[in-house]
Amino acid sequence: DDVSGDGFVFKHLEHLKLCACKKDSSTLLGQLLKNSPNLRVLDISHMESHDDDWRNEMVCWNQPSSVPECLLSSLQILNWSRYFGRPQDRDIAVYILKNACRLKTATILADTRKFHVSNLKMIKELTLSSRASSTCELVFVEDNIEAEPEAEAEAESEAESESFWERKLIDLYNRFL
């Protein structure tokens with residue numbers, strides 16, 4: 001039972017960080033959700049250094065034929081950095097909110113600059129979507145502060161460290177209090 005028909009089952013994976021910069025990112029996400037029954041934390045990001053190749057951007061979301069076990073029983077935290085509000089982003093976020101029965105927090109760091117999707121539209125779409133967890137808190141932060149080139153390079157190197165998410169979320173949260 002260690003291997004599914006599509007690959008390995010990651011029984012001990014509890015925290016997944018996925019960069020959603022490639023065309024097949026949504027397919028990979030679906031497979032990882034399906035094959036990670038004990039996933040508790042899902043971090044989805046889009047690295048700014050990957051912005052150069054627009055041909056590699058994530059395409060539409062094909063939701064799994066059955067709801068992954070981790071959404072039904074273990075996923076508690078969703079963090080999405082540089083959420084653009086495109087249809088494929090929205091479809092993934094809504095699917096997770098609709099099916100993650102134990103989700104406690106969904107933190108969305110919105111980037112309204114790249115695709116010019118309004119903050120209000122993003123908030124409305126996600127807030128009005130149904131949620132499987134009645135206790136899920138949706139935290140929405142707009143990240144449209146223009147960074148200097150030196151600060152961008154420093155932020156990219158920070159992304160590789162374990163505490164990047166904690167510092168980024170606390171900093172952005174404090175800015176908007």
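In this chain, residues are counted from 1 in sequence order.
Evaluated for a side-chain contact (heavy atoms from CB on, under 4.5 Å) with Leu16, the options Leu32, Leu75, Asp43 yield exactly one hit, Leu32. Paired with Trp80 under the rule side-chain contact (heavy atoms from CB on, under 4.5 Å), one option of Leu18, Leu126, Ile92 passes, and it is Ile92.
Taking each heavy atom of Ala20 and His46 in turn, the nearest pair found is O-ND1, 3.7 Å. The shortest heavy-atom contact between Tyr95 and Val67 is OH-CA, 3.6 Å. A pairwise comparison of heavy atoms in Leu97 and Ser129 identifies CD1-OG, 3.6 Å as the closest pair. For the residue pair Pro37 and Val9, the shortest heavy atom distance occurs at CD-CG1, 3.9 Å. Taking every heavy atom of both residues into account, Cys19 and Ser25 meet most closely at O-OG, 3.6 Å.
Note that OG of Ser36 is 10.5 Å distant from CD of Glu14, once rounded to the nearest 0.5 Å. Here the CZ-CD1 distance, from Arg82 to Ile44, works out to 14.5 Å after rounding to the nearest 0.5 Å. To the nearest 0.5 Å, the span separating CG on Asn38 from CG on Leu13 amounts to 9.0 Å. Distance check, rounded to the nearest 0.5 Å: CG of Leu39 to CD of Gln76 gives 10.0 Å. Note: Leu33 CG to Glu69 CD = 12.0 Å, rounded to the nearest 0.5 Å. In this structure, CG on Leu138 lies 5.0 Å from CZ on Arg131, to the nearest 0.5 angstrom.
Take Arg90 and apply the salt bridge (Lys or Arg N to Asp or Glu O under 4.0 Å) test, not counting sequence neighbours, and it matches Glu125. Remark: Ile77 engages Val41, Asn79 in a side-chain contact (heavy atoms from CB on, under 4.5 Å) (not counting sequence neighbours).
Of the possible polar contacts, none joining the Ser133 side chain to the Arg102 backbone as a donor-acceptor pair under 3.5 Å is found.
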